[in-house]
There are 2 protein chains.
Amino acid sequence: MMRAPREREDHSVNRSLNWKTRTALTPRKQPRQERSSKVVDRILDAALILTREQGTKTPTTLAIAQRAGLSVGSVYQYFPNKEAILLDLARRWLAAFPEVIARRINAPRPNSHETFQQEVDKLFIDTSRLYLDNANLMPVIEAITGNPDLRPIQNEYDDQIIALYAAWLQHVNPALEDQVASRLGVVMMEVGHVCRLVGLKRDRKAFDLIQDDVKTMWLALVIPYLDLDQNKEGFS
Amino acid sequence: MMRAPREREDHSVNRSLNWKTRTALTPRKQPRQERSSKVVDRILDAALILTREQGTKTPTTLAIAQRAGLSVGSVYQYFPNKEAILLDLARRWLAAFPEVIARRINAPRPNSHETFQQEVDKLFIDTSRLYLDNANLMPVIEAITGNPDLRPIQNEYDDQIIALYAAWLQHVNPALEDQVASRLGVVMMEVGHVCRLVGLKRDRKAFDLIQDDVKTMWLALVIPYLDLDQNKEGFS
DNA sequence: GACAAACGCGAATAATTAGTCGCATTTTTT
DNA sequence: AAAAAATGCGACTAATTATTCGCGTTTGTC
């Protein structure tokens, strides 16, 4: 039985483009009519809900479409591929994190023992609050972490965050070496992230207790490097 | 060479069993001939190498077979499914971890300030060494963490490890409440794990530095709960 | 109200990949 | 040296799922 094969080679779809290219994740089309804006929201909402329900397994395009009360075709009007949907959700978080740290860096530098501890505390509070405010996005972040295609993109943001932690450390103590600041930044981020994630999976009381643990650990980690009273480097 | 060919225990084909059931991950058949034992090793080696090469993306059955110089069919002679292969590798690690903590618990309980710090140090050293010795298995562990089908099994081991950390804490300070011990166990495990993983991805020098950070954090975390000199509960 | 653009649809396509099965080959047993 | 058992093979099946494309419908514009 033969089927008349329709020629479709003229389409020259960008099959040559590497998958990870930034453009491949850009929205395919801007919504022109009002109804379509709502459609985009519906898609994102559906993807968020399904990711929360299914845990690590990322939802299929069909599932997302159905949950949003749409067809697959409609989804692809606004998103070039499935990953772009998740990434759209994740960026809200990934972009917010650097801002919070950057804001802390712009604050005046402490110069006494007391204000140093206060600075750590402020950074701790701000980042902690960020996790609480975005608790519903965490399943998406975890899904992205476990997705080979999206992991590299998250890594970029992570590097950015690490660099900002390091910059913050050097903001508090300008004499801190780059290499040390970077290492401490990595540890602060990883420890903070993993503890907040497990904390959020429990009740609020447990979260708060684990947060205290994080602060304890952060302080113990950075005190030897930041406490200007202990290791007198002298000048400002 | 004669091998008692004990007829195999009745092998009812449990096709109805749920996927995640333990039996579904049991080797399908014991190798009877010498050549096939080597085949099993070849399969495991190939899976390990491919997992290391490909990072988070688990290798396909075809890729494993080819790398081992075999056909897919041969792989399925000894493994019921793909996941069983990775799990076989992972169990070497997952089973070794609890043993190390358990060994520390069987040691005599410290009763002075000095031996308390020594106990933390010993546990730290032992677990740290475990990561170093099994560095080549870490990609498999990470792959399993990111695999929706295998994650639950790893979680079981994690719970076990957390319970053992908690038991160790109560071994050092029997007055510690269960709930607190459990929480500290979670934090110790998560912090230790994530820091060791990032440490192993760098050179040995960086690993050692991060290890020191872990010890610092662990100590700061548990001192308030374990240091019998500070919070005199008095009697043993 | 007519026309075009935007939108929505979903069957069809295409790619991937886990797992099977009958048969060929090798090893062990009798 | 058969016969039997174990092993090895790889084309084939089956299931999943991302993405496309032509067509019907709705919306905005004049």
Side-chain angles (χ1 to χ4, degrees), chain A residues 1 3-15 17 19 24-25 27-43 47 50 54 57-87 147-150, chain B residues 1-8 11 13 15 19 24-25 27-43 47 50 54 57-66 68-86 147-150:
Chain A
M1 123 184 348
R3 175 199 313 253
R6 201 169 44 245
E7 329 292 317
R8 54 179 61 181
E9 53 266 77
D10 253 349
H11 278 277
S12 83
V13 182
N14 296 359
R15 209 171 280 284
L17 270 181
W19 215 109
L25 296 167
R28 168 165 298 179
K29 166 195 288 188
Q30 295 300 331
R32 302 293 169 85
Q33 302 177 357
E34 191 183 352
R35 59 172 169 167
S36 58
S37 307
K38 302 208 170 170
V39 163
V40 170
D41 288 342
R42 286 223 305 272
I43 295 169
L50 285 172
Q54 306 193 3
K57 191 172 302 184
T58 55
T60 68
T61 50
L62 185 65
I64 294 173
Q66 284 182 338
R67 187 65 159 243
L70 296 166
S71 73
V72 250
S74 299
V75 171
Y76 280 89
Q77 290 254 319
Y78 305 101
F79 296 93
N81 51 57
K82 199 183 74 166
E83 279 69 23
I85 304 173
L86 289 184
L87 204 57
N147 182 312
D149 285 327
L150 294 173
Chain B
M1 144 190 324
M2 169 128 165
R3 180 192 302 226
R6 166 198 304 233
E7 255 326 305
R8 194 129 54 92
H11 51 157
V13 203
R15 202 173 285 282
W19 211 106
L25 296 167
R28 168 167 297 180
K29 169 194 288 190
Q30 296 301 330
R32 300 296 170 84
Q33 301 177 357
E34 192 182 352
R35 58 173 171 168
S36 57
S37 307
K38 302 209 170 166
V39 164
V40 170
D41 288 343
R42 286 224 304 271
I43 294 169
L50 285 172
Q54 306 192 5
K57 191 172 302 184
T58 55
T60 69
T61 50
L62 185 66
I64 294 174
Q66 285 183 336
L70 296 166
S71 73
V72 248
S74 298
V75 170
Y76 281 90
Q77 291 253 320
Y78 305 101
F79 296 93
N81 51 58
K82 198 183 76 167
E83 279 69 22
I85 303 173
L86 289 185
N147 181 314
D149 284 327
L150 293 173

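Letters go in sequence order (proteins before strands), and every chain restarts at 1.
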What integer distance in Å separates [X]:[atom1] from [N]:[atom2]?
| X | N | atom1 | atom2 | result |
| --- | --- | --- | --- | --- |
| Asn81(A) | dA15(C) | CG | C1' | 15 Å |
| Gln77(A) | dG22(D) | CD | C1' | 13 Å |
| Lys38(B) | dT7(D) | NZ | C1' | 15 Å |
| Leu50(A) | dT17(D) | CG | P | 13 Å |
| Ile85(A) | dA18(D) | CD1 | C1' | 11 Å |
| Asp41(A) | dC7(C) | CG | C1' | 16 Å |
| Tyr76(B) | dA14(D) | OH | P | 16 Å |
| Lys82(A) | dT20(D) | NZ | P | 15 Å |

Euclidean distance, [Y] [atom2] relative to [X] [atom1], rounded to 0.5 Å:
| X | Y | atom1 | atom2 | answer |
| --- | --- | --- | --- | --- |
| Asn147(A) | Lys57(A) | CG | NZ | 13.5 Å |
| Arg67(A) | Thr60(A) | CZ | OG1 | 11.5 Å |
| Tyr76(B) | Thr61(B) | OH | OG1 | 4.5 Å |
| Leu87(A) | Asn81(A) | CG | CG | 9.0 Å |
| Leu150(A) | Leu86(A) | CG | CG | 6.5 Å |
| Leu62(A) | Lys82(A) | CG | NZ | 11.5 Å |

Do Val40(B) and Phe79(B) have side chains that approach each other closer than 4.5 Å (heavy atoms only, starting at C-beta)? yes
Would you say Tyr78(A) places a side-chain N or O within less than 4.0 Å of OP1 or OP2 belonging to dG8(C)? yes
Report yes if at least one side-chain N or O of Ser74(A) is closer than 4.0 Å to OP1 or OP2 of dC9(C); otherwise report no. yes
Identify which nucleotide among dG8(D), dG19(C), dG8(C) has an atom closest to any side-chain atom of Val39(B), counting heavy atoms from C-beta outward. dG8(D)
For DNA chain D, determine which residues of residues 59-72 of chain A have any heavy atom closer than 4.0 angstrom to one of its atoms, and list them numerically. Thr60(A), Thr61(A), Val72(A)
